[in-house]
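Below: one structure, written as structure tokens.
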Amino acid sequence: MAPPLSTLSPSTMAVSHFPLSKPLYPKPTSSTSSPSLQCHSSISEQLRPLSLSLLKDTPAHDEPANSKPTWVNPTKPKPNVISLVRHRKAKPTSNGNPQSISLNPTLLQTLISIPDSDKYLFFSTLTEAFSFPPSDDDILFLLNSLYRHPKKSILLLEWLKESSFVMETIFYNLVLKSLRNARQWDQIDRLAHEMLDHGPQPDNITFSTVISAAHKCRRFEKAIEWFDVMYSAGVIPDEVTFSSILKVYAILGKKEEALILYERGRAAGWKPDHVAFSVLGKLFGDAGDQDGMLYMRDEMKRLNIVPNVVVYNTLINGFGRAGRPNIAKELFEEMCQLGVNPDERTLTAILKIYGKYKRTRDAMDICARMKESRWPMDQILYNTILTMCADLGMDSEAEKIFEEMKQSHKWLPDKWTYSVMIKLYCRTSKSERAWQLLFEEMPQRGLQPDVTCYTSLIDCLGKEGRVDDVVAAFESAMETVPSQIDDQLCCCLLSTMAHCKDEMQMKAILACIEKASPMLHRLICMLWNESVEFDEIKESFRKLLSKAPIYVRRPYCNCLIDMCTFRPGFPLHRPRELFHLGNIYGLYQGLQTRRLSEWSVDLRRLSIGAARAALDDWLESVAEAVEEREGLPPQFRVFTGYGLDRFKSVLPSYLERYLSDTGAPFHKSEEMTGSFVAEKADLLQWLQSQGILSVGVSEIL
DNA sequence: TTAGGGTTAG
């Protein structure tokens, strides 16, 4: 008998019944940061008692953790959360016509050529083709062949019903698959309900297909709904259905729900397979949750499951995303030692990580082994190697690979390749070459540049102060990829404004911004207007940020501060107002540090205007601390960073000049490159001389 | 596609 829905429904079994105020496994403290695959067994140990307390209404499960899963005795009560036996695929037998007739070879083509709307012709063609009831094999052949013709699949099903054929679940399942391929959710939902109401009885495959169809049609709520329906219909999901629904939880970021479902399955004796582990691995990896991934590894060890290539790929990607290149490397070497051959995706994952974390030696090692071991290659991997060279500053190697691709018959450069090369040339300020690739070579090869190509070029041209060329590149982007114009490109336009020489140039960029983002244009007009007050700016800025992706929010704020700092005409208080807003929205966390021996401000990752605002803000906070009679350290430090190339040295040079021009008593630190220090007495006296500090310094010193 | 589930690039 099916268990009551209230105890099994995933929507109720998760958060509503078991609110989790704490994570399911403990996070390591910041002092224990050494990455090791061996030291985390305690996580699962600590998870175990918690899981048992959560799972009171599941069948008793008193075996040791490392015993093999066991539900093999059919006299024991069947687990009611997950069926441990996978649904058996068996051909239907009820239509009593075991011998397949040889189908007219032209029948299929005839059926496909009939217009979808001509139901009469479709039916009469079928009736004519079969002088006696068709065999199940014939029907299955036709349904499989009509996979890419969903409307015809439905018509065939209707003809079978009208012909009083005994309908089998498998026929419906095949039609559902055809509809899933065509992403026709409403039809799928209708057909599945028809099965529930009138038969044939939906089985595990029906529900798995419906759930994965909801996933593919991005109707995630429907996937969860049908998982509930499955239990209420008395069909117990097996491991395939479990993986399908876990995948849906993963996409929705419902980590707790996924883990609780997983634990319930485990408590019922389920031994998850590679697919389930790769779904969980992706879930944890996307969340940057390394403890989750390590817990998963422990689980696999306990169950004596050696990860396959897909699980390794998932974990390597996940640890790369979580900022743990050493663990990713350990996993890669482990799989090679175990004889699990890396595939294209594995190599893509590990080389991406080595590029991102500047692991040149490791990257070269992999490239050498790729040649020796004849590891596989594909287009994405080829482009990833190119990206890696660019990330590692190996520009001449990147150019060599690019030229090889142009000569190649197999791995021709695509728009991704060009995007990498354009970015590389823009980074090294070779805007002419980037321009040539975008406007000449790509069209010659029939490649349509995407927005990232334009964004790289506009950013570079803007930094070089080539405003007319920025406008020309933007106009081209508006013409070719108008729907792709995004916040990142808007940011580059904003940043160009700070480099405008005159009002005419500024108006030209403003006109671009108006076309790209009317919302941003409105905010700029408000910032310009002295009579617009802080609260109005705040609301307009909030609207802009809330629709922008997270990674663009801080650059947006930086660029707006730069514009208000360096363009004449903006009210003088705007930069500090915007910096204050940036703080309110959490864009500038962790800039200031207070230790007993030293207070400091880190300006290294800010734009010039934002750095100036942050420095002024910090100096004021020091003055406030003095006025509040807080204990002060003997020394104060400003981190400005140091730049080796033209672009990276702009901020440190500016800040050095700014500190010097204001007469602030900061001098270059000898023991820490890229920072300036001041003694307490000198700084307080200067703060008082500038009117920033109102109390008398002699009282304090 | 051969009745159902998994992993790659700015």
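Throughout, protein chains are lettered first and strands after them, A, B, ... in sequence-line order, and every chain is numbered starting at 1.
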Open item on the list: Distance alone, cut at 3.5 Å: any donor-acceptor contact between the side chains of A:T417 and A:N383?
Closed with: yes
Task: Euclidean distance, atom CZ of residue A:F141 to atom P of B:dT1 [Å, nearest integer] - done: 16 Å
Task: Stepwise salt bridge (charged side-chain N to carboxylate O under 4.0 Å, His left out) check, A:E194 with A:K161 - done: CA-CA 12 Å; A:E194 183 184 310; A:K161 278 189 272 183; 2.7 Å; yes
Open item on the list: Would the base of B:dT7 count as contacting A:T314 through its side chain, where contact means a donor and an acceptor less than 3.5 Å apart?
Closed with: no
TODO: In whole angstrom, give me the gap between the P atoms of B:dT1 and B:dG6.
DONE: 13 Å
TODO: For A:T241, report the nucleic acid contact type (base, sugar-phosphate, nothing); a contact means any heavy atom under 4.0 Å.
DONE: base
Task: Side-chain H-bond candidate by donor/acceptor type, A:T480 with A:Y454, under 3.5 Å - done: yes
Open item on the list: Aromatic contact between A:F332 and A:Y312, with the criterion being ring centroids under 6.0 Å apart: yes or no?
Closed with: no
Open item on the list: Base, sugar-phosphate or nothing for A:V311? Non-hydrogen atoms, less than 4.0 Å.
Closed with: base
Open item on the list: Is it the case that B:dG6 (base atoms only) and A:N308 (side chain only) share a donor and an acceptor within less than 3.5 Å, ignoring hydrogens and angles?
Closed with: yes
Task: Side chain A:R345 and base B:dG6 donor-acceptor under 3.5 Å - done: no
Task: Short side-chain N/O contact to B:dA9 OP1/OP2 from A:K415, under 4.0 Å - done: no
- [ ] Quick one: label A:T452 by what it contacts on the DNA or RNA (base, sugar-phosphate, nothing), any heavy atom closer than 4.0 Å.
- [x] base
Open item on the list: Classify the ring geometry of A:F171 against A:F165: parallel below 30°, tilted from 30° to 60°, perpendicular beyond 60°.
Closed with: tilted
- [ ] Determine the contact category for A:N181: base if any of its heavy atoms lies under 4.0 Å from a base atom, sugar-phosphate if only primed atoms, P, OP1 or OP2 are that close, otherwise nothing.
- [x] nothing
Open item on the list: If you compare every side-chain N and O of A:R180 against the phosphate oxygens of B:dG5 (OP1, OP2), does one of them come in below 4.0 Å?
Closed with: yes
- [ ] Rounded to the nearest angstrom, tell me the gap between atom CG in A:L142 and atom C1' in B:dA3.
- [x] 16 Å
Task: Candidate list A:W270, A:Y249, A:F284, test ring pair (Phe, Tyr, Trp, His ring centres under 6.0 Å), partner A:Y262, passing option - done: A:W270
Open item on the list: Is it the case that B:dG4 (base atoms only) and A:T209 (side chain only) share a donor and an acceptor within less than 3.5 Å, ignoring hydrogens and angles?
Closed with: no
- [ ] Identify which nucleotide among B:dT7, B:dA9, B:dG5 has an atom closest to any side-chain atom of A:V240, counting heavy atoms from C-beta outward.
- [x] B:dG5
Task: Side-chain donor/acceptor of A:S244 to base of B:dG5, under 3.5 Å - done: no
Open item on the list: Just verifying a value: how many Å separate A:L156 CG and A:L146 CG, rounded to the nearest 0.5 Å?
Closed with: 6.0 Å
- [ ] Strictly below 4.0 Å, heavy-atom distances to any atom of DNA chain B: list the hits from residues 144-160 of chain A, or just say none.
- [x] A:N144, A:Y147, A:R148
- [ ] Would you mind classifying the nucleic acid contact of A:L174 as base, sugar-phosphate or nothing, using non-hydrogen atoms under 4.0 angstrom?
- [x] sugar-phosphate
- [ ] May I ask you to verify whether the side chain of A:N173 and the base of B:dG4 hold a donor-acceptor pair under 3.5 Å?
- [x] no
Task: Phosphate OP1/OP2 of B:dA9 contacted by A:K356 side-chain N/O (<4.0 Å) - done: no
- [ ] Pick base, sugar-phosphate or nothing for A:Q379, based on heavy-atom distances below 4.0 Å to the nucleic acid.
- [x] nothing
Task: Verdict with supporting geometry, A:L381 and A:L351, side chain to side chain contact (heavy atoms under 4.5 Å, CB included) - done: CA-CA 9 Å; A:L381 177 53; A:L351 289 177; 4.0 Å; yes
- [ ] Identify whether any heavy atom of A:R321 sits under 4.0 Å from a base atom; if not, whether one sits that close to sugar-phosphate; answer base, sugar-phosphate or nothing.
- [x] sugar-phosphate
TODO: Return the value, rounded to whole Å, for the distance between atom CG of A:D238 and atom P of B:dG4.
DONE: 13 Å
TODO: Decide yes or no, distance alone: a donor-acceptor N/O pair under 3.5 angstrom between the base of B:dG4 and the side-chain of A:T206.
DONE: no
Task: N/O donor-acceptor pair, side chain A:N313 with base B:dG6, under 3.5 angstrom - done: no
Task: Any A:K352 side-chain nitrogen or oxygen under 4.0 Å from OP1 or OP2 of B:dT8 - done: no
- [ ] Please check if the distance between the ring centroids of A:W226 and A:H193 is under 6.0 Å.
- [x] yes
Open item on the list: What is the separation between atom CZ on A:F284 and atom P on B:dT7, rounded to the nearest whole Å?
Closed with: 15 Å
